[in-house]
**Student:** 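Please read through the structure below; I'll follow up with questions.
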Amino acid sequence: MTSGAAVAARDVEYSVDGTRILHDVTLSLSARRTAIIGANGSGKSTFARMLNGLRTPTAGSLQVLGLDPVAEAARLRSRVGFVFTNPEAQILMPTPAEDLALSLTALPKKERPAKVEQLLAQYGLVGRGDQPASALSGGQRQLLAIAAVLATDPALVVADEPTTLLDLHNARRIGDLLLGLEAPLVLVTHDLELAARCDEAVLFVDGTVDAIGEPAEVIDRYRRMPA
Ligand SMILES: Nc1ncnc2c1ncn2[C@@H]1O[C@H](COP(=O)(O)OP(=O)(O)OP(=O)(O)O)[C@@H](O)[C@H]1O
């Protein structure tokens with residue numbers, strides 16, 4: 001399959017121990033910002049995890065940034081930035097400065113401290129660089145995690161419910177930040193206001209794509225579905 005789309009899936013399936021979690025997923029994502037919506041357990045996270053190779057299809061074909069997630073897994077992971085719901089999953093170092101530096105290995109060593117300071121300022125973490133990351137608030141930890149992901153300059157950003165744990169202010173801030181990215185964004189979210197601000201939306205129902213298109217229309221369809 002060749003395609004100019006960031007994500008191209010045809011008849012993708014994902015099964016675990018004989019249970020089909022995703023089936024017949026066929027779509028092409030080329031909008032700058034795509035929202036993935038749907039009920040709990042509909043398969044959104046499983047699909048999102050396929051986009052950086054954390055899950056691999058058990059049938060069908062998938063290309064992400066033109067790469068095969070199985071044969072070119074390492075290349076794919078280096079190009080896709082994945083933001084988890086829980087920032088604890090991705091803060092690896094004791095302090096924010098060390099954590100950010102870990103994302104800057106492409107820079108010459110002597111340039112890293114200045115870049116770390118610039119990132120701390122950009123993400124509202126001035127003065128926090130050398131404090132324990134554990135002393136940051138939940139929102140600050142999510143900002144740090146996003147800063148670390150974006151510092152690698154990913155060609156595609158996939159975010160799985162990145163604002164769920166955040167208060168109104170930080171949810172807004174992080175939503176704005178992600179929607180303002182230049183890199184294409186695939187955003188799994190239950191926040192339908194955020195989804196409405198994307199350029200395209202995909203509705204998952206029972207492990208497959210039920211609708212794809214204008215966010216307002218897809219959200220309306222989702223709202224009208226019986227519980
Ligand atoms: N490794 C696994 N083994 C067994 N079942 C799994 C596995 N991963 C996911 N599932 C099941 O697949 C279904 C889809 O899960 P997934 O996390 O993709 O849903 P989701 O749409 O992201 O849900 P939510 O909105 O609750 O986060 C769920 O029923 C889940 O329990």
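Each ligand, and each atom within it, is numbered from 1 in the order the structure gives.
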**Student:** Would you indicate whether the side-chain heavy atoms of Ser61 and Asp11 approach each other to under 4.5 Å?
**Tutor:** no
**Student:** Tell me, which residues have any heavy atom less than 4.0 Å from some atom of ligand 1?
**Tutor:** Val16, Ile21, Ala39, Asn40, Gly41, Ser42, Gly43, Lys44, Ser45, Thr46, Glu161, His190
**Student:** Does the pair Lys44 and Asp160 meet the rule for a salt bridge (Lys or Arg N to Asp or Glu O under 4.0 Å), with working shown?
**Tutor:** CA-CA 8 Å; Lys44 305 178 300 297; Asp160 189 0; over 6 Å; no
**Student:** According to the side-chain hydrogen bond (donor to acceptor under 3.5 Å, both in side chains) rule, which pairs have a member within residues 193-204, sequence neighbours left out?
**Tutor:** Arg33-Asp199, Asp176-Arg197
**Student:** If you measure only the distance, is there a donor-acceptor pair under 3.5 Å linking the side chains of Thr163 and Glu161?
**Tutor:** no
**Student:** Can you list the residues that meet the side chain to side chain donor-acceptor pair (under 3.5 Å) rule with Asp206, with sequence neighbours excluded?
**Tutor:** none
**Student:** Any ring-ring contact (aromatic ring centres under 6.0 Å, His included) pairs touching residues 46-101, not counting sequence neighbours?
**Tutor:** Phe47-Phe204, Phe82-Phe84
